[in-house]
Amino acid sequence: GLWNAAPLTERWNIGDWGNACGPRPSARESAGGQVTVREEGVELVMSGVGRTFRTNECWEQLPNVTRGSHSVSDHAWRTRCTSGPNDARQTTLVTNITATDTTMTLDETGEYQFRIDNQNCTASVRRWRNFSISQRQGDASPVAVAPPPGVAPAPTAVGSAPARAEPAPLPTATRATRCAEVGDAARVEVRPTRKLMRPGERFTFRTVALDANGCPVEAHTIWAITTAGAKASVSNGGTVVVGDDAEDGTMDLSVSFAGKTLHVGVEVATPARYEALLATTSVNDAGESEEAPATIVASGSLGANSAIAQDGARSRKTTFVIIIGGLAIGLALLGFVLLRRTGSRREGTAEVDEPLAPAPLAPAEPGPSRQPISLRGLVCPSCRNDFPPHSTFCPHDGNRLVPAPFAPVAPGSSGGRICPTCGRGYDPGVKTCPVHGDDLVPPAVYQLRVEQPLAAERGKICPSCGGRYGGEATFCGKDGSALVLVN
């Protein structure tokens with residue numbers, strides 16, 4: 001049918017961009033207009049506003065950038081386009097199309113990274129456009145109504161156009177569809193439950209309200225940021241804007257509807273850490289969790305006594321705790337049974353032996369590759385050391401700590417690396433130091449290159465907060481500042 005396309009909005013976030021990179025990218029606003037949408041198998045084809053676009057391709061067309069993957073689900077299309085592995089200009093585009101009976105949304109993110117004259121050139125972009133239905137395909141055209149028998153048609157003046165006949169009413173059976181008469185909103189679904197964002201970015205959570213028959217309806221939701229001091233804002237439409245000066249951290253957002261509330265999360269990460277988290281956490285290439293949508297069920301609409309707010313991340317944590325608790329109880333029962341059997345065998349022998357003492361556990365060998373999987377607290381993505389929950393930075397390499405469940409700390413997994421010049425650690429996936437441009441090295445290699453016998457004897461102090469540390473520490477665990485020797 002015919003759809004009205006809103007203007008295409010574009011927002012850029014520039015990372016490292018030296019003089020050799022050329023002109024800095026800037027936002028381009030494209031005008032809207034009317035488009036014609038038709039079906040080709042499971043895909044949609046949109047013609048209008050200066051081009052023809054298919055849902056199995058990316059919106060931005062660049063040389064040497066081809067489609068890498070494509071998926072289709074219920075009223076949703078997702079396409080990922082990338083440049084060749086040997087292309088000096090690495091580009092990644094992810095285009096998402098979502099649709100309801102009356103609206104459609106185009107949302108595309110782009111990542112660009114290349115190197116010119118030993119200068120890093122990194123940037124990211126997000127562009128989006130909304131569509132609204134104007135006229136559905138198959139709607140009947142106006143037809144003339146024949147006059148009753150015995151009644152002559154009205155005369156037409158010479159030289160004038162014939163009068164336009166009123167359209168005949170459509171048969172009742174044609175209008176009687178399941179969603180012809182919608183009811184009150186019965187539930188609200190919010191996607192995604194977790195979003196990865198960089199400072200300066202804007203993102204709109206996808207909120208769909210449905211009645212008891214599953215038909216989309218209008219519903220007013222109230223959004224709020226519950227994390228104190230968060231440098232971001234959110235509108236009641238679910239649009240989150242992260243401040244340009246926002247620091248790494250997490251934000252909790254509450255969504256209220258019909259007196260019920262659920263929570264979704266936003267993880268803010270700098271460009272270098274964003275790429276590392278994108279490769280190590282359970283999000284897709286667009287930085288969105290692919291869990292089931294968070295859902296609020298209105299009790300008044302369905303006759304329930306309370307609302308159901310489903311948060312996929314919290315349910316996974318609860319399931320994890322239940323599994324660990326069940327395993328612990330099972331091991332305790334197994335140990336009790338083995339002790340009973342051992343006691344029965346001893347009672348049947350003539351000689352009574354002294355109870356055997358349990359064999360001492362072998363001490364774990366030091367090193368990042370020998371650390372067990374952390375179940376709580378914080379973990380350094382570079383050296384893999386565990387820290388209590390109140391810590392913020394790793395004292396060994398200055399990297400920001402991350403929650404243990406989101407860090408790949410299993411034995412044998414690859415960790416982050418350290419700059420050999422400044423000694424600061426970076427997350428997995430970062431290969432060069434953004435400050436000095438040096439290739440990063442594993443933590444073990446860095447420790448072999450650094451000898452600090454004097455620091456070990458004299459100790460160190462943080463110049464910012466005054467905290468004292470041993471000679472083996474390099475950075476302050478409270479604010480990440482580089483430590484200095486005690487005079």
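Reckoned from all heavy atoms, side chains included, excluding hydrogens, waters and symmetry mates.
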Check your understanding: Can any side-chain N or O of Trp77 pair as donor or acceptor with the backbone N or O of Val42 at less than 3.5 Å?
Key -> yes
Check your understanding: Is the shortest heavy-atom distance from the side chain of Phe53 to the side chain of Gln61 under 4.5 Å?
Key -> no
Study note, to complete from the structure: Looking only at heavy atoms, the pair that brings Gly84 and Gln90 closest together is O-NE2, 3.0 Å
Review point. Should Asp16 and Gln119 be marked as a side chain to side chain contact (heavy atoms under 4.5 Å, CB included) after you check the CA-CA gap, both sets of side-chain angles, and the distance that decides it?
Key: CA-CA 8 Å; Asp16 296 332; Gln119 293 185 6; over 6 Å; no
Point to revise | Which atom of Cys21 lies closest to which atom of Asn120, heavy atoms considered | key: SG-O, 3.8 Å
Check your understanding: Is there side-chain contact between Val264 and Trp223, with at least one heavy-atom pair below 4.5 Å?
Key -> yes
Point to revise | Heavy-atom side-chain proximity of Arg11 to Trp128 below 4.5 angstrom | key: yes
**Study point:** SG(Cys433) to SG(Cys419) below 2.5 Å
**Key:** no
Point to revise | Check against side chain to side chain contact (heavy atoms under 4.5 Å, CB included), His75 and Met104 | key: CA-CA 9 Å; His75 295 86; Met104 286 191 301; over 6 Å; no
Review point. Counting heavy atoms not belonging to Glu247, are there more than 12 under 6.0 Å from its CD?
Key: no
**Study point:** Value rounded to 0.5 Å, distance of CZ in Arg80 from CG in Leu93
**Key:** 9.5 Å
Point to revise | Where Glu10 and Val125 come nearest, the two heavy atoms and their spacing | key: CG-CG2, 3.5 Å
**Study point:** Thr9 side, atom OG1; Asn130 side, atom CG - distance, nearest 0.5 Å
**Key:** 8.0 Å
Revision key, fill the gap. The reported gap from OG in Ser233 to CZ in Arg202 (rounded to nearest 0.5 angstrom) is 7.5 Å
Point to revise | Within the 6.0 Å centroid threshold, strictly below: Tyr112 and Phe114 | key: no
Point to revise | Chi angles and distances behind the side-chain hydrogen bond (donor to acceptor under 3.5 Å, both in side chains) call for Thr261, Ser256 | key: CA-CA 4 Å; Thr261 302; Ser256 300; 3.0 Å; yes
Review point. Charged N to carboxylate O below 4.0 Å: is that the case for Arg127 and Glu60?
Key: yes
Check your understanding: Are the side chain of Asp87 and the backbone N or O of Arg89 linked by a donor-acceptor pair below 3.5 Å?
Key -> yes
Check your understanding: Taking all non-hydrogen atoms of both residues, which atom of Ala209 and which atom of Val188 are closest, and how far apart?
Key -> CB-CG2, 4.1 Å
Review point. Can Thr204 and Thr239 be counted as having a side-chain donor-acceptor contact under 3.5 angstrom?
Key: yes
Point to revise | Cationic N near anionic O, under 4.0 Å, Glu201 to Arg198 | key: yes
Check your understanding: SG-SG distance between Cys462 and Cys476 under 2.5 Å?
Key -> no
Revision key, fill the gap. Value for CH2 (Trp59) from CG (Leu8), rounded to nearest 0.5 Å, stands at 6.0 Å
Review point. About how many Å separate NZ of Lys231 and CG of Asp244, when rounded to the nearest 0.5 Å?
Key: 11.0 Å
Practice item. In sequence, state the C-alpha distance, the side-chain angles, and the governing distance for Phe205 and Thr221, and then conclude on side chain to side chain contact (heavy atoms under 4.5 Å, CB included). Key: CA-CA 12 Å; Phe205 282 84; Thr221 56; over 6 Å; no
Review point. Strictly by modelled atom types, are Thr95 and Thr79 linked by a side-chain donor-acceptor pair under 3.5 Å?
Key: no
Exercise for review: Might you point out which heavy atoms bring Met197 and Val240 nearest each other, and give the distance in Å?
Suggested key: CE-O, 3.9 Å
**Study point:** Any donor-acceptor N or O pair under 3.5 Å, side chains Ser124, Glu111
**Key:** no
Point to revise | Derivation and outcome, side chain to side chain contact (heavy atoms under 4.5 Å, CB included), residues Glu43 and Asn56 | key: CA-CA 7 Å; Glu43 306 294 341; Asn56 60 356; 3.8 Å; yes
Point to revise | Candidate list Thr55, Thr98, Ile97, Asn96, test side-chain contact (heavy atoms from CB on, under 4.5 Å), partner Leu106, passing option | key: Ile97
**Study point:** Under 3.5 Å: donor-acceptor pair, side chain of Arg115, backbone of Asn118
**Key:** yes
Review point. Is the closest side-chain heavy-atom distance between Asp252 and Ile225 below 4.5 Å?
Key: no
Check your understanding: Does some side-chain heavy atom of Val266 sit less than 4.5 Å from a side-chain heavy atom of Leu253?
Key -> yes
Study note, to complete from the structure: Shortest non-hydrogen pair, Ala123 vs Trp17, comes out as CB-CZ3, 4.1 Å
Check your understanding: Is there side-chain contact between Arg400 and Thr392, with at least one heavy-atom pair below 4.5 Å?
Key -> yes
Practice item. Verify whether one side chain among Thr103 and Ser132 offers a donor that lies under 3.5 Å from an acceptor in the other. Key: no
**Study point:** Axial cation check for Trp12 ring with Arg126, 6.0 Å and 45° limits
**Key:** no
Practice item. Please determine if Arg129 and Glu108 form a salt bridge, counting it only when a charged side-chain N lies under 4.0 Å from a carboxylate O. Key: no
Review point. Do Leu196 and Glu288 come close enough that some side-chain heavy atom pair is under 4.5 Å?
Key: no
Revision key, fill the gap. The reported gap from CZ in Arg273 to OG1 in Thr270 (rounded to nearest 0.5 angstrom) is 7.0 Å
**Study point:** Close side-chain approach of His263 and Val255, heavy atoms under 4.5 Å
**Key:** no
Point to revise | Atom CG of Asp245: over 12 foreign heavy atoms under 6.0 Å | key: yes
